[in-house]
Number of protein chains: 2
Amino acid sequence: MKKKRTNISDIAKAVQVTPSTVSRALNGGGKVSEKKKQEIISLAKKLGYRPNPIAKSLLENRTNTIGLIIPEFTHHFYSRMLAGIESITSNSGYQLLICTSNEDQSQEIKSIYTLLDARVDGVIATISKVNDTFGHLQEVMDNDTPLVLVDRFSEEIEAPYVISDDFQGAFSAVDHLCQIGCRKIVHIKGPDNLSTTFNRLMGYKEALRKHEIEWEEDLVLEGSNPDLEEQIKSCLETNLVDGAFAYSDYLAFEIYKVASQLKIHIPDQLAVIGYADEPISTYITPTLSTVNQQPFEMGAKAAQILLNQIENPEIPREFVSLPTELIIRKSIR
Amino acid sequence: MKKKRTNISDIAKAVQVTPSTVSRALNGGGKVSEKKKQEIISLAKKLGYRPNPIAKSLLENRTNTIGLIIPEFTHHFYSRMLAGIESITSNSGYQLLICTSNEDQSQEIKSIYTLLDARVDGVIATISKVNDTFGHLQEVMDNDTPLVLVDRFSEEIEAPYVISDDFQGAFSAVDHLCQIGCRKIVHIKGPDNLSTTFNRLMGYKEALRKHEIEWEEDLVLEGSNPDLEEQIKSCLETNLVDGAFAYSDYLAFEIYKVASQLKIHIPDQLAVIGYADEPISTYITPTLSTVNQQPFEMGAKAAQILLNQIENPEIPREFVSLPTELIIRKSIR
DNA sequence: CTGTTAGCGCCTTCAG
DNA sequence: CTGAAGGCGCTAACAG
């Protein structure tokens, strides 16, 4: 059994006043004689009194707690996002209640209700990859609990969101490849159905268009294809590919592997750009150029918007698309 | 303002009974006529009634919440540990309240008090690297809040802990190097003052002793040394080094860099083993052999011990040292 | 079987 | 300036 903590009436008894007076002395509400006030304050300190936030929560109908739902912790991207969120919330006196969904929508739904039960003051969520129902998210909003989506969003739900500008990120990467003279640029796509996959593909095409390069279907490969390695190999062999842009750093690494097999030199014969600035990108040889999505800033921004909504529910919803940053390393001449 | 949730007395009014009856009907305590019970249950469902855990917490003096303190999120090791912890707590109906210390003890202390204020039912903590005071941790225990240390521990505090067996991990790595014929094995040490640094060094020495190899001071380098690269270079040049064991995968990578400069072939001329099985270890060339500390299992075990302590405070403290796993990859013949 | 009462810790009226 | 009373939502003990 937990030891009983000293509470407000313990102090009241000791100083021979009522709990209300102690409350007033400690919180400054109303007038208390300076003498008693000092006495109460010093005793409180001596006894290590700390107000019970649970009682306050019950009274005020708020918990100073933010619920967070993310797919998982282990990708560097989400760790950084989490760190960004935490940097803001902890500075504002909010606690973080964290749930993972493992990209499984049924778990996401369960988590949402858990958080709602816990009476969190707001929710930040990265929705699962596969999603077809939005009632749980709608319920959060119907409950007047502010909700901010981060990294992924859906047209189905009218919550504020913070995402990364995938179109621009891809565009800047491929634009750079074109500028340094690449004319045959292969693209390895991400998983189907994700808006990020689509937007990065669009950015790729748009950059080609800008440089008046015809888009070729043969040069766009499916990253999820089980024999991706074969695909890359035959693509590199049959075309005079001089540039590559991958949906992720990990997929870019697949290109490295094949290039090494085919004795194609990176960056002299082939320039490569990945996506997400994973730690591996600075450890592989040659170091990989990539697009930084600024996950820390994404998390921080989402947290700021949420706290804003909590403290001022009337402000209009914000929809933020954060700019990306192209990082040039040795995979490019 | 948050919308008012339907509570127990809303239901009571609607069904014309008292709140206590509703409570009994919903929780099964005491006897309620089957008819009313059904009526109450169906109405509760219809109104979407969900009990307010805050009220229950106030009453029961427990919050079904676990506090967690970790240095940071971004190292893969902590992400995995976190995932391990979460896998256990979420299955047992506990929520996770997470704080980061950024390896700063003053922040760690602040976080501890925040968690104590939040009335968490237990605390899992990885203490900061630099630590010289333990009053805050003692206070957690004095408060009868179960505490489990994970990854790092201190003799100064008598809390149960779960750590990785660094001695055995290092021993198995160096033992393996000896077995494949290495006789001149360099070791790059970790940060001073960490027990892990010390224990891995001990494991290194013990393995050498087992194979009757004299320990040489010249072969042990400081990983934190700013001109580490130079040190490695001169060490590899002046000694006929044929094996290397590094405190971390990142430090092992420093050896890769120098070996490449000196045209020393890994693994033919030099066998290398790192530590921690970071993702980079499978992406660098050649893939790096390493020691897996099983962070997921560490987190899970710590969570299990904590939940045990919470539910059964009288059980004796456990002190767990988890075995490591040597992973052999292409950095070894 | 069901209602009443009391209390978890705190704060906020409302009286004095 | 300070005490008394009430209530946040819920449950447990005690009466009926």
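Throughout, protein chains are lettered first and strands after them, A, B, ... in sequence-line order, and every chain is numbered starting at 1.
- Residues forming a side-chain contact (heavy atoms from CB on, under 4.5 Å) with A:Thr18 (at least two apart in sequence, or on another chain): A:Ser20, A:Thr21.
- The distance between atom CZ of B:Arg50 and atom C1' of D:dC10, rounded to the nearest whole Å, is 16 Å.
- Using a 4.0 Å cut-off, some side-chain N or O of A:Lys36 falls inside it from OP1 or OP2 of D:dT2.
- A straight line from CD1 of B:Ile40 to P of D:dC10 spans 13 Å, rounded to a whole angstrom.
- Contact between the side-chain N/O atoms of B:Asn7 and the OP1/OP2 oxygens of D:dG9 is found at a separation under 4.0 Å.
- Sequence order on DNA chain C of the closest nucleotides to B:Ala55 and B:Val17 puts B:Val17 first from the 5' end.
- Under the rule for a ring-ring contact (aromatic ring centres under 6.0 Å, His included), A:Phe77 has no partner lying at least two apart in sequence or in another chain.
- A search for side-chain contact (heavy atoms from CB on, under 4.5 Å) contacts involving B:Ser106 returns B:Asp104, not counting sequence neighbours.
- Identified under the side-chain hydrogen bond (donor to acceptor under 3.5 Å, both in side chains) test for residues 66-78 of chain B, with sequence neighbours left out: B:Glu72-B:Thr74, B:Glu72-B:His75, B:Tyr78-B:Asp151, B:Tyr78-B:Arg152.
- To the nearest angstrom, P of D:dG9 lies 10 Å from NZ of B:Lys13.
- Applying the side-chain hydrogen bond (donor to acceptor under 3.5 Å, both in side chains) rule to pairs touching residues 297-311 of chain B yields B:Tyr94-B:Glu311, sequence neighbours excluded.
- An end-to-end axis angle of 60° holds for the helix from C:dC1-D:dG16 to C:dG16-D:dC1, taken from five base pairs per end and rounded to 10°.
- Residues meeting the ring-ring contact (aromatic ring centres under 6.0 Å, His included) test with A:Tyr113, sequence neighbours left out: none.
- A side-chain donor-acceptor contact under 3.5 Å links B:Arg62 and B:Asn64.
- For the residue pair B:Arg119 / B:Asn61, no side-chain donor-acceptor distance below 3.5 Å is found, with atom types taken as modelled.
- Note: CG (A:Leu26) to C1' (C:dT12) measures 16 Å, nearest angstrom.
- Atom CG in B:Leu58 sits roughly 13 Å away from atom C1' in C:dC11 (whole-Å rounding).
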- Spell out protein contact along nucleotides 11-16 of chain D as letters: B when the base is contacted, S when just the sugar-phosphate is, - when no protein heavy atom is under 4.0 Å; keep the 5' to 3' order. SBB---

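- For the pair B:Glu34 CD and C:dT2 P, the computed distance is 11 Å after rounding to whole Å.
- The separation between B:Asp117 atom CG and C:dC10 atom P is 11 Å, rounded to whole Å.
- Closest contact between the side chain of B:Thr21 and the listed nucleotides D:dG9, C:dG3, D:dT2 involves C:dG3.
- Between the NZ atom of B:Lys37 and the P atom of C:dC1 there is a distance of 10 Å, given to the nearest Å.
- Here side-chain hydrogen bond (donor to acceptor under 3.5 Å, both in side chains) pairs that include residues 46-59 of chain A, with residues two or more places apart or in two chains, are A:Arg50-B:Asp117.
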